[in-house]
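One structure is given below, encoded as structure tokens.
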Amino acid sequence: MKCRFSGEEIPEILTFGKMPLGNGFLKDQNPQDEYFFKMSVSVNNSIGLLQLNEQPDPNKMFHENYAFYSRSSALMMEHFKDLSNEIQSLLDKNFSSDNNKFVVEVGSNDGVMLEHLVKANVSCLGIEPSKNVAEISHQYGVPTVNKFMSVETADQVISEYQQANVIYSANVFCHIPDINDLAQACSNLLKDGGYLIFEDPYLADILEKVSYDQIYDEHVFLFSCYAVQNIFIKYGMQLIDCKPLNTHGGSMRYYLKKTGKVETSRQLDNQLKHEESLGILSLKSYKDFASKCEEARVGFKNKLTSLKDNQKSIVGYGATSKSTTILNYCEVGPELIDFIVDTTPTKQNMFTPGKHIPVLPYEHFLPHPDVAVLFAWNHQKEIIAKEGAFKGEWMTHLHHEYKD
Ligand code: JHZ
């Protein structure tokens, strides 16, 4: 396997076997032609960059029926509102004399963040390849280009609009396989002195929590601060700060500036030290992670099997993309989990990718099962608050208990 960033030969650390698309929900419980690929990951441990070896064609994953809507969590909606305020403060502080301020979001989904900038009269644009979610963003008045981000798209935006003061992106950069093209595109699109801010699931959290379910077809990369620093500096953007986030079970927000060398924050210096102490640059840490994933896989399946042997009813909560990895890697299907509830209309009355467990509207959670597997464990706070009447057992596939 060759590193998708550097082209160097890098070692494979874990294989998950045959995997369907994370969001490939099915109309039919016994489909004729379901798509599978061999899912395995390798690491460039010299910069702390975990990556998929094989990734399905992006057009198979992001299209007019894309199943994930950013507005499906109330707390995430708050998160994006806060972020829009942060961007406005940054514009006021750093570009007060610029009369043509412009913000671009890469992978703007249903416009959940940009909607606030539109309301505040900040000139902005979303770039979003999945047509169905892009169309929703139009309903919120968010100008959106229905395209994948690339050097070509950046050139088009510059010629039809202008360069950006800020480029923002949430849970998108880790989806884009040609990281060199992406970094070049951002560099071209940014004005000198402009900021690139993006957030993604954080590799250090994944190693610490053994949250292997962050690995699925869409997540071609899992980044560390070291990786982001090394990748983007090559394209003239310096990592100057970072902010650990609780979202998606542990994410990192990266702040980069298109500029000559500037000082880095103490937070970033400390985070880099933390990564080093965690072994993010050592191959052994990834080998240990792989063994823990195997242990977690066996433990999860055994626990479900023994619950079922004891006549317990088990349902899942949240038909997440992450659950596709869990269910297929651990070989868990409808023989163990009766159904999974989810609030997303386009997932309801469908079947989960690969294992074909029915997905039902979340009202079916009642009457209560004995055990609920919280696949949306990253939304634990919101869900447990909502399901206060549930007196059965919550569990997750994670190695140890997780607190949101
Ligand atoms: P959630 C998606 O991953 C896909 P997923 C993508 N690749 C990515 O990177 C992240 O998002 C950002 C449901 N739910 O957020 C809604 C309830 O039913 O963990 C969703 O289907 N009730 C772009 O899919 C799912 O759970 C609730 O109360 O792993 C949550 O999916 C809540 C809060 C959610 O992302």
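This structure is a prediction, so every number in the text was calculated from the model and none was measured. Counting starts at 1 for both ligands and their atoms, in listed order.
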Could you check whether the rings of Y35 and F37 sit parallel, tilted or perpendicular, using 30° and 60° as the cut-offs?
parallel
Geometric class of the F232/F198 ring pair [parallel <30°, tilted 30-60°, perpendicular >60°]:
tilted
Select one of side chain, backbone, both or neither to describe which atoms of [X] lie under 4.0 Å from any atom of ligand 1, heavy atoms only.
{"X": "T343", "value": "both"}
{"X": "T320", "value": "both"}
{"X": "T344", "value": "side chain"}
{"X": "M76", "value": "neither"}

Give the residue and atom name of whichever protein heavy atom lies nearest to [atom], and the separation in Å to one decimal.
{"atom": "atom 34 (C) of ligand 1", "result": "S72 O, 4.0 Å"}
{"atom": "atom 20 (C) of ligand 1", "result": "D342 OD2, 3.5 Å"}
{"atom": "atom 3 (O) of ligand 1", "result": "S321 OG, 3.1 Å"}
{"atom": "atom 10 (C) of ligand 1", "result": "H248 CE1, 3.7 Å"}

Of the choices [options], which has the non-hydrogen atom that lies closest to [atom]?
{"atom": "atom 9 (O) of ligand 1", "options": "K322, H219, E387, E218", "answer": "H219"}
{"atom": "atom 28 (O) of ligand 1", "options": "H379, E382, K386", "answer": "K386"}
{"atom": "atom 8 (C) of ligand 1", "options": "Y66, Y69, Y216", "answer": "Y216"}

Can a cation-pi geometry be assigned to R297 and Y212, taking NZ or CZ under 6.0 Å from the six-membered ring centre and within 45° of the ring axis?
no
Within 45 degrees of the axis of the six-membered ring of F365 and under 6.0 Å from its centre: does K386 put its NZ or CZ there?
no
Mark yes when over 12 heavy atoms from residues, nucleotides or ligands other than Y362 sit less than 6.0 Å from its OH; otherwise mark no.
no
Identify the two heavy atoms, one from P31 and one from E34, that lie closest to each other, and give their separation to 0.1 Å.
CG-OE1, 3.9 Å
Check ligand 1 against [X] and write out every atom of the ligand that is under 4.0 Å from a heavy-atom position of the residue.
{"X": "K347", "answer": "20 (C), 21 (O)"}
{"X": "N378", "answer": "1 (P), 15 (O), 19 (O)"}
{"X": "G318", "answer": "26 (O)"}
{"X": "H175", "answer": "6 (C), 7 (N), 8 (C), 9 (O), 23 (C)"}

Out of curiosity, is Y362 lining ligand 1, as in a heavy atom under 4.0 Å away?
no
Taking the basic N atoms (NZ, or NE/NH1/NH2) and the acidic carboxylate oxygens, is any pair closer than 4.0 Å for D370 and K308?
no
List the steps and the verdict of side chain to side chain contact (heavy atoms under 4.5 Å, CB included) for L398 and S211.
CA-CA 6 Å; L398 292 170; S211 44; 4.0 Å; yes
Give the C-alpha distance, both sets of side-chain angles, the deciding distance and a yes or no for side chain to side chain contact (heavy atoms under 4.5 Å, CB included) between F148 and F62.
CA-CA 9 Å; F148 285 98; F62 310 109; 3.9 Å; yes
Assess whether side chain to side chain contact (heavy atoms under 4.5 Å, CB included) is satisfied between Y329 and F300, documenting all intermediate values.
CA-CA 11 Å; Y329 178 50; F300 182 64; over 6 Å; no
